[in-house]
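Read the structure below first, then the notes.
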Amino acid sequence: MARRPIGVKTTLLAAAALLALTLSSCGDEDPTTMADDAPAATLSLADLDGRVFASVRVDGHELVDDTRIRLGFKGEELSADAGCNHLFGTVAVDDDTLIASDMGGTEMGCPDGRNEQDAWVTEFLGSGPAAVLDGDTLTLTQGDVVIEMVEQDVPDAPTGDPDQPTSN
């Protein structure tokens with residue numbers, strides 16, 4: 001059996017204690033925090049109800065000049081405008097995915113690719129894009145396409161005497 005000087009054993013024990021202390025101080029200061037953390041809030045129809053959003057940025061698809069996409073939410077009803085026809089359908093949110101279905105719209109003929117843009121928006125909304133709401137910004141993502149939208153102020157319906165004509 002080999003003999004070691006007395007100081008080596010003490011040095012090894014001190015190093016092991018220092019390593020254990022260092023490792024125990026790594027990580028979360030409150031070990032219960034991770035277990036108690038609430039999952040990230042998921043999007044619901046209630047978050048969108050009564051709100052209107054308009055596109056401020058579209059990546060992955062070029063919109064027709066001087067157009068933007070507008071989406072309005074009222075309960076399970078979705079309305080959309082992409083520069084030509086008024087589009088409408090039903091909407092649901094499932095696991096942060098926007099699901100538009102039963103889409104229809106007016107049938108005006110519009111020039112300069114606006115009809116095709118309506119069709120593209122209808123297809124995009126029906127494809128189940130991921131939806132993230134951060135304050136007043138709604139971001140829809142499907143594949144390489146990202147549509148960033150901001151909430152629009154929509155004036156309340158005019159009040160007044162319903163028997164009096166309104167002027168424009």
Side-chain angles (χ1 to χ4, degrees), residues 27-30 33-168:
D28 200 351
E29 289 182 14
D30 181 3
T33 302
M34 286 178 58
D36 293 339
D37 283 346
T42 58
L43 183 65
S44 73
L45 275 182
D47 297 324
L48 300 172
D49 190 27
R51 299 172 81 176
V52 176
F53 298 87
S55 62
V56 292
R57 180 176 63 90
V58 177
D59 294 334
H61 182 84
E62 190 170 334
L63 295 182
V64 173
D65 289 342
D66 300 321
T67 65
R68 64 169 58 186
I69 301 166
R70 286 185 181 83
L71 299 179
F73 299 89
K74 184 175 181 183
E76 294 179 358
E77 297 175 12
L78 171 67
S79 63
D81 180 324
C84 182
N85 290 293
H86 174 74
L87 307 171
F88 48 85
T90 58
V91 66
V93 175
D94 183 25
D95 198 24
D96 293 331
T97 299
L98 186 78
I99 304 164
S101 58
D102 301 323
M103 294 295 290
T106 57
E107 296 183 7
M108 297 187 310
C110 299
D112 304 324
R114 292 171 191 250
N115 282 334
E116 291 81 5
Q117 183 162 287
D118 283 353
W120 176 81
V121 167
T122 300
E123 183 180 327
F124 178 83
L125 294 172
S127 70
V132 175
L133 181 63
D134 184 8
D136 67 349
T137 303
L138 175 64
T139 305
L140 303 176
T141 306
Q142 178 66 357
D144 294 338
V145 177
V146 177
I147 302 174
E148 183 178 321
M149 310 181 89
V150 295
E151 186 171 11
Q152 303 293 290
D153 290 329
V154 178
D156 291 333
T159 58
D161 185 349
D163 295 328
Q164 293 295 318
T166 58
S167 60
N168 290 345

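Just so it is clear, the structure is predicted and the values come from calculations on it, not from any experiment. We use all heavy atoms of the structure for the numbers below, so side chains are in, but hydrogens, waters and symmetry mates are not.
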If you look only at distance, which donor and acceptor atoms sit under 3.5 Å apart when one is on a side chain in residues 81-91 and the other is two or more places apart or in another chain?
{"residue": "D81", "atom": "OD1", "partner": "G83", "partner atom": "N", "Å": "2.7"}
{"residue": "N85", "atom": "OD1", "partner": "T106", "partner atom": "OG1", "Å": "2.9"}
{"residue": "N85", "atom": "OD1", "partner": "E107", "partner atom": "N", "Å": "3.4"}
{"residue": "N85", "atom": "OD1", "partner": "M108", "partner atom": "N", "Å": "2.6"}
{"residue": "N85", "atom": "ND2", "partner": "M108", "partner atom": "O", "Å": "3.3"}
{"residue": "N85", "atom": "ND2", "partner": "D118", "partner atom": "OD2", "Å": "3.1"}
{"residue": "T90", "atom": "OG1", "partner": "S101", "partner atom": "O", "Å": "3.3"}
{"residue": "T90", "atom": "OG1", "partner": "S101", "partner atom": "OG", "Å": "2.8"}

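- The side-chain heavy atoms of C110 and N115, taken from C-beta on, include a pair separated by under 4.5 Å.
- Ring orientation note: the planes of H61 and W120 are close to parallel, at an angle under 30° on the 30°/60° scale.
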CA sep, side-chain torsions, deciding dist, call: L140, L125, side-chain contact (heavy atoms from CB on, under 4.5 Å): CA-CA 9 Å; L140 303 176; L125 294 172; 4.2 Å; yes
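- D94 and T97 share no side-chain donor-acceptor pair at under 3.5 Å.
- Side chain of E76 to main chain of K74: no donor-acceptor pair is present (N/O by atom type, distance under 3.5 Å, no hydrogens or angles).
- Residue L45 holds its CG atom at 11.5 Å from CD of E77, rounded to the nearest 0.5 Å.
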Derivation and outcome, side-chain contact (heavy atoms from CB on, under 4.5 Å), residues E148 and D59: CA-CA 9 Å; E148 183 178 321; D59 294 334; over 6 Å; no
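- In this structure, I69 and L63 have side chains that are in contact, with non-hydrogen atoms separated by less than 4.5 Å.
- For the side-chain hydrogen bond (donor to acceptor under 3.5 Å, both in side chains) condition, no pair includes a residue of residues 121-130, sequence neighbours left out.
- Between L48 and V93, the closest heavy-atom pair is CD1-CG2, 4.2 Å.
- Heavy-atom minimum distance, F73 versus L78: CE2-CD1, 3.6 Å.
- Residues Q142 and G128 approach most closely at OE1-O, 3.6 Å, considering heavy atoms.
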